[in-house]
Structure formats: C-alpha cells, structure tokens
Amino acid sequence: MSTDKNRVYIFDTTMRDGEQSPGASMSLEEKIQISRVFDDLGIDIIEAGFPVASPGDFEAVSEVSKILKKSIPCGLSRHLKKDIDACHEALKHAPRFRIHTFISTSPLHMKHKLNKSPEDVIDAIKEHVTYARKFTDDVEWSCEDGTRTNMDYMCKTVELAIKCGARTINIPDTVGYTVPSEFKKIIETLINKVPNIDKAILSTHCHNDLGLAVANSLAGITAGARQVECTINGIGERAGNAALEEIVMAMKTRNDLMPYKTGINTKLLSKASKVVSNATGFPVQFNKAIVGKNAFAHESGIHQDGMLKNRNTYEIMTPESVGVKQTSLVMGKHSGRHAFKDKLTDLGYKDLTDDVIQVAFGKFKVLADKKKHVYDEDIAALVDDSLIKEDNVIILKSLKVFAGTGEPQKADMILEVYGEVKKASETGDGPVDAIFKCIKKLYPHDVKLQLYQVHAVTEGTDAQATVSVRIEENGKTTVGQAADTDTLVASANAYLNALNKMIIKRKKTAPEDYQQPRTYEKQKMKGI
Ligand code: KIV
Ligand code: ZN
C-alpha cells in the first residue's frame with residue numbers, strides 16, 4: 001500500500017457485481033482474457049467472482065488468481081464459514097489475495113432479508129471477520145445497504161469489523177439510493193466518529209439506480225475514502241455500478257479539484273471497455289462518457305471549426321489519453337501483407353500467430369474488394385473475427401438467402417459439422433429465422449436465443465456489420481460475435497460462434513466420457 005495520502009485504490013468488480021447483470025455471464029476464457037487486460041490496466045484489486053456460488057465461479061476465481069501479475073485477486077463471501085472457506089480454497093495459490101465478506105446492516109435488510117436482530121449481526125461480524133483473518137491479513141468488510149443503515153449502528157459495526165481485523169471497510173449504496181451530499185457526510189461521519197478508522201481504508205461501492213453512482217463515488221473520495229469499487233462500462237446489478245473509466249478520468253481531468261492519483265494506465269481504458277463488451281454481449285451506448293463511440297466525435301460545423309483552430313475548444317481530454325486512436329483510412333486492395341502486419345501492431349494486436357494473420361489478411365483482401373474505404377475499425381473487426389473462429393467445430397461453408405416481399409424467406413446452407421459436410425434448406429419468419437432454423441436442422445440442439453443484435457462497424461451502406469448473439473442452455477449462456485459486410489452471413493457466423501462456445505462449455509462441465517466430442521456429439525446427433 002502506498003504512503004501517499006492521495007492515492008486512490010481501484011477495486012474492480014466487473015467479473016462479480018458486473019456479471020450479476022441479467023445475461024452478462026462470462027466464460028472462464030473470457031474472464032481470463034479480461035483479467036489480463038485489467039492487470040495491464042493497473043487495477044489494484046480484481047474481484048473475480050463469488051466462489052461458493054457455483055463451480056464455474058470457483059474455477060474462475062481460482063484461475064484468475066493464478067495469472068495476475070500485479071493486481072490482487074479477491075473473492076466475495078457472505079458471513080458464512082463455507083463461503084469464506086471457498087474464497088480461501090479458490091485464492092490460495094496467489095501470493096497475495098483478499099477475502100471480501102459482507103452482511104446487511106440496514107433495518108430493512110436485517111429484518112426482512114436476514115431475519116436477524118442487530119445484535120445477531122454484531123455476533124456474525126465478530127465471528128466471520130475473525131475467521132477470514134485466519135487465511136489472509138487482507139480482509140475487506142462491507143455493510144450491505146449501508147446508505148440505509150442507522151449511522152450510529154454503522155459506526156459500531158465498522159469499529160467492530162476493524163477490531164476483528166478488517167483492513168478495508170466498504171460502504172455500499174446497494175440500491176443506488178444516496179446522493180452526493182449525503183454520501184459525503186456518511187464517509188465524513190465514519191472518519192470523525194469511529195475511533196480505530198485510521199487502521200483501515202474506507203471504500204465506496206455505489207450503484208447507479210438514480211444515475212448518481214459516479215458522482216456519489218467521487219463525493220466519497222473527496223470526503224476521505226481511498227478505495228473505489230467500480231466496473232468497466234458501469235455494468236452491474238439493475239442500472240449497474242459506478243463506471244471505472246468515468247471515475248478515473250474525472251479525477252485525472254479535474255485533478256485541480258480532485259488531486260488524487262490512481263495506478264490506472266488510462267490509455268488502456270478503451271481496450272478494457274471493448275473486451276468487456278465483447279465478452280458480455282452488452283453494447284456500449286454511443287454517447288457513453290469516455291468509451292462511447294461518439295465520446296470524441298464532433299458533428300456540428302461550429303464544433304469542427306473550433307476543433308481545427310484549437311482542440312481545447314471542445315475537448316476536455318484527448319481521445320489518445322483513453323486509448324482511442326483517430327480513425328484512419330487504412331489501405332486499399334493493393335496493400336501488401338507487410339503493411340497489413342504493421343497496421344495490426346499499430347492497432348495493438350501484438351501476439352497474433354502467423355495463421356491468424358494469414359486468415360485476417362485473406363479477409364482483408366476480400367473486404368477491400370467489396371468496400372470502398374477500409375478503416376482501422378474494419379481491420380480490428382476482422383481480426384477479432386479470425387481469432388474467435390479458432391476452436392470452432394461447426395463451420396459455415398456457404399449460405400444463400402432469399403428475402404424480400406411476397407415469398408416466404410428461405411435459406412440454403414452448407415455447414416461442416418465435426419468434419420462432415422451437410423446441407424439444409426429452411427423457410428422462416430424472416431431471413432435470420434430461416435438461417436437459424438438451418439443451423440438447428442444440421443446440428444440439432446436445444447438452446448434459447450436470448451439476444452440478437454447488429455451494429456455497423458463504420459458508416460455507409462457498405463459498412464461491415466458486427467452481429468452479437470447470446471444463447472442459453474441449462475442456465476449457462478454464451479455470447480457469439482461475427483463481422484461481415486453481409487449482415488446475414490455475420491448473423492449465421494455469430495450464432496455458430498455462440499454454439500461452438502456452448503459445446504466447449506458443455507464439455508468442461510461434463511463427466512470424463514463427455515470429453516470426446518466427436519463420439520459424443522455424433523451419438524447425440526443420432527439421438528443415442
Ligand atoms: O451492492 C452491494 O451491496 C454489494 C455488496 C456485496 C458489496 O455488491
Ligand atoms: Zn453491488
């Protein structure tokens with residue numbers, strides 16, 4: 001821990017609270033990919049999950065804790081010994097780890113949720129914070145529904161948690177109910193009234209139900225909190241959590257008023273936002289502060305004119321400071337492989353295999369033939385597309401779609417399914433329905449389509465479309481993505497990508513004999 005009194009620690013809960021957003025489930029591979037980016041980003045503490053909640057959560061916390069180089073891994077637990085044990089089991093391979101344990105302290109939660117008296121809660125804190133300290137000296141304690149808790153009672157519980165060994169005290173605004181002036185007062189009161197408060201770091205955890213999560217977090221920091229809990233893109237329960245990128249950039253941009261430091265390399269914020277959006281399938285709204293597509297776009301003539309004269313006229317921070325490169329016209333169909341490779345390095349794709357580069361280059365040539373202007377975003381989309389196809393066992397070979405008014409929409413499809421080439425024709429309620437029906441015919445399966453969305457990568461009618469698809473099977477979800485200038489081809493590939501991921505997910509949670517995909521899948525298709 002730093003001795004600098006203005007150092008604010010960034011505690012990220014994208015993979016725990018963020019994953020609690022309905023439909024935001026992330027696979028183990030996605031959590032590992034996210035964690036690598038977060039580690040580079042400079043996040044101090046990464047809450048990777050709630051280990052007791054499911055074997056998947058346990059595995060994710062455990063695997064993430066093994067790969068982090070700088071960030072401290074953390075797991076969440078209720079005031080139950082089995083939860084704390086699960087945290088310890090999942091985290092024990094890391095050189096340093098944190099156990100975050102919480103209990104509700106508001107009258108409403110104690111009575112209706114816990115069915116406990118305030119005295120019972122006091123006993124539970126004593127028992128469980130002390131127990132968690134047996135495994136690590138880095139214990140965080142949270143008073144759930146803190147902002148609706150009686151202040152004297154909160155002071156009592158905080159003092160006790162610190163006495164029992166908690167070194168971080170987190171004050172959640174669980175239901176996003178507070179406002180900046182009130183939250184500031186709560187933090188100030190704790191600092192002024194809790195006698196042992198100097199032995200712990202105070203933390204904020206604000207939800208966004210009234211759109212005040214970032215403002216409340218900053219008010220907490222101004223009052224003396226030195227840890228802030230937040231998520232990338234602000235994802236989280238209901239309206240989400242405080243957005244990490246907004247808090248960090250607010251402190252950096254208005255350092256004159258908020259002279260605080262974080263360890264965040266802000267140039268990686270844009271990358272972190274993309275990786276989280278891709279994994280969850282949650283698009284980032286265009287006008288989202290810091291990481292939205294339009295956050296640095298200047299549309300009106302007056303603004304553009306001002307920008308040309310002096311960027312400061314309409315820009316309070318530079319796009320480069322958050323890792324947004326000015327979009328550039330890349331190359332045409334005559335550009336060579338070498339220039340393409342240089343472009344990839346420039347775009348931050350550093351560790352690509354030759355195979356992936358070759359596939360992406362082939363796609364670039366096809367795209368350059370179809371599309372007048374190929375932009376950086378196009379290149380990024382087709383590389384991402386080449387990366388996600390690596391493990392696919394079901395591959396689209398060809399697709400023809402008949403759409404329009406009058407006739408029913410029809411799709412003719414050829415797929416390679418575990419090496420076997422198969423054909424189908426289906427009609428549907430629209431071309432996408434016909435495509436998805438073909439896939440179902442060629443690879444019978446029973447998943448629920450939870451989300452289907454299309455985005456244009458750049459502008460113009462010849463723009464590539466990125467399609468995201470989320471499917472669900474027995475409570476497990478996967479998100480697939482694909483890009484193409486043909487929205488229907490992208491739709492088929494996105495669905496297949498989600499399905500391929502689901503096949504991998506099934507194998508991981510199945511018994512030994514399930515691990516031989518060819519035999520098992522073939523039998524399944526024959527209905528054995
Ligand atoms: O919002 C909340 O109260 C939480 C706690 C578990 C910290 O997420
Ligand atoms: Zn929360």
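These numbers were taken from a predicted model, which means no experiment stands behind them. Indexing begins at 1, ligand by ligand and atom by atom, following the structure's order.
When each of His79, Glu144, Lys116, Arg148 is paired with Ser104, the side-chain hydrogen bond (donor to acceptor under 3.5 Å, both in side chains) condition holds for Glu144 and for no other. With Thr178 as the partner, the side-chain contact (heavy atoms from CB on, under 4.5 Å) test is satisfied by one option alone out of Asp173, Ile171, Asp209: Asp173.
Not a single heavy atom of Glu229 sits less than 4.0 Å from an atom of ligand 1.
In terms of polar-atom proximity, His207 is counted as a contact of ligand 1, with an N or O under 3.5 Å from an N or O of the ligand. Considering backbone and side-chain N/O atoms, His205 comes within less than 3.5 Å of an N/O atom of ligand 1. Checked against a 3.5 angstrom limit, the closest N/O atoms of Asp17 and ligand 1 fall inside it.
Among protein heavy atoms, the minimum distance from atom 3 (O) of ligand 1 is reached at Thr174 OG1, 2.6 Å. Remark: minimum distance from atom 5 (C) of ligand 1 to any protein heavy atom is reached at Arg16 NH2, 4.0 Å.
Glu159 has no carboxylate O lying under 4.0 Å from a charged side-chain N of Lys163, or vice versa, which leaves the two without a salt bridge. Lys81 has no carboxylate O lying under 4.0 Å from a charged side-chain N of Asp83, or vice versa, which leaves the two without a salt bridge. Taking the charged nitrogens against the carboxylate oxygens, Glu89 and Lys92 do have a contact shorter than 4.0 Å, which makes a salt bridge.
Within a 6.0 Å radius of CG in Asn115, other residues, nucleotides and ligands contribute 12 heavy atoms or fewer.
There is no side-chain donor-acceptor pair under 3.5 Å between Lys267 and Ser321. No donor-acceptor contact under 3.5 angstrom links the side chains of Glu140 and Thr168, judged on distance only.
For atom 7 (C) of ligand 1, the choice among His109, Glu140, His100, Glu144 with the nearest heavy atom turns out to be His100.
Protein N/O/S atoms found under 2.8 Å from the Zn ion (ligand 2): Asp17 OD2, His205 NE2, His207 NE2.
Taking the centre and axis of the six-membered ring of Phe38, the NZ or CZ atom of Arg36 falls outside the cone set by 45° and 6.0 Å.
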